[in-house]
Amino acid sequence: MSRRLISSGSEFETKIGYSRAVVDGDYVFVSGTTGYNYATSSISSDAAEQADQCFANIEQALKEAGSSIAEIVRVTYILPNRDDFQPCWPVLQKWLGEVRPAATVFEARLLDDAMKIEIQVTAKVAG
């Protein structure tokens with residue numbers, strides 16, 4: 001299987017030089033994804049709502065890559081304020097409660113102060 005690039009259409013992909021996701025072999029590598037809602041060109045001020053939108057964006061990229069949320073094997077959560085993580089737990093449970101991938105959480109500033117969480121995943125290509 002050859003390497004395939006998945007784009008969300010964001011202008012930043014070409015400006016910075018990255019892809020929303022990369023399919024390589026049996027895996028899909030999804031870039032750090034924020035809670036930006038592309039349909040409304042907005043981002044919620046609530047961390048849990050942002051987490052939910054992150055997974056909606058991730059789900060779209062995985063679908064385009066021939067995978068799904070159920071195929072996620074690793075997830076990384078990045079938050080500028082670790083106190084925002086626990087309020088996100090019900091959303092994480094909703095999306096990954098049955099999947100239970102390996103996970104890492106760390107605190108770091110994000111590119112825009114409106115962003116309260118960024119999520120990156122690795123998934124298997126659906127077989």
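This structure is a prediction, so every number in the text was calculated from the model and none was measured. What you see below is based on every heavy atom in this structure, not just the backbone, and it leaves out hydrogens, waters and symmetry mates.
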Treating Ile, Leu, Val, Met, Phe, Trp and Tyr as nodes and any side-chain heavy-atom pair under 4.5 angstrom as an edge, say whether [X] and [Y] lie in one connected cluster.
X	Y	answer
Val91	Phe85	yes
Trp89	Val121	yes
Tyr77	Met115	no
Val28	Leu96	yes
Phe29	Val73	yes

Side chains of [X] and [Y]: closer than 4.5 Å at any heavy-atom pair?
X	Y	value
Tyr36	Asp112	no
Arg20	Ser31	yes
Ser8	Asn57	no
Gln50	Ile43	yes
Ile72	Val30	no

Q. Mind checking what makes salt bridge (charged side-chain N to carboxylate O under 4.0 Å, His left out) contact with Asp84, not counting sequence neighbours?
A. none
Q. So, for Glu118 and Gly32, which heavy atoms are closest and what is the spacing to 0.1 Å?
A. OE2-CA, 3.3 Å
Q. Of the non-hydrogen atoms in Pro90 and Gln86, which two are nearest, and what is the gap between them?
A. CD-O, 3.9 Å
Could you state the interatomic distance from [atom1] ([X]) to [atom2] ([Y]), rounded to the nearest 0.5 Å?
X	Y	atom1	atom2	value
Thr33	Gln60	OG1	CD	11.5 Å
Glu71	Thr122	CD	OG1	13.0 Å
Ser67	Lys124	OG	NZ	10.0 Å
Ser68	Leu62	OG	CG	7.0 Å
Leu79	Ile117	CG	CD1	4.0 Å

(Q) Applying salt bridge (charged side-chain N to carboxylate O under 4.0 Å, His left out) as the test, list every pair that has at least one member in residues 43-70; sequence neighbours left out. (A) Asp52-Lys94
**Q.** side-chain contact (heavy atoms from CB on, under 4.5 Å) between Asn81 and Lys116, intermediate numbers included
**A.** CA-CA 7 Å; Asn81 179 355; Lys116 298 190 181 288; over 6 Å; no
Q | Heavy-atom donor-acceptor pair, Arg4 side chain to Ala65 backbone, under 3.5 Å | A | yes
(Q) Using a 3.5 Å distance criterion without hydrogens, assess whether the side chain of Glu107 forms a donor-acceptor pair with backbone atoms of Arg82. (A) yes
Q. Taking everything shown except Leu5 itself, do over 12 heavy atoms lie less than 6.0 Å from its CG?
A. yes
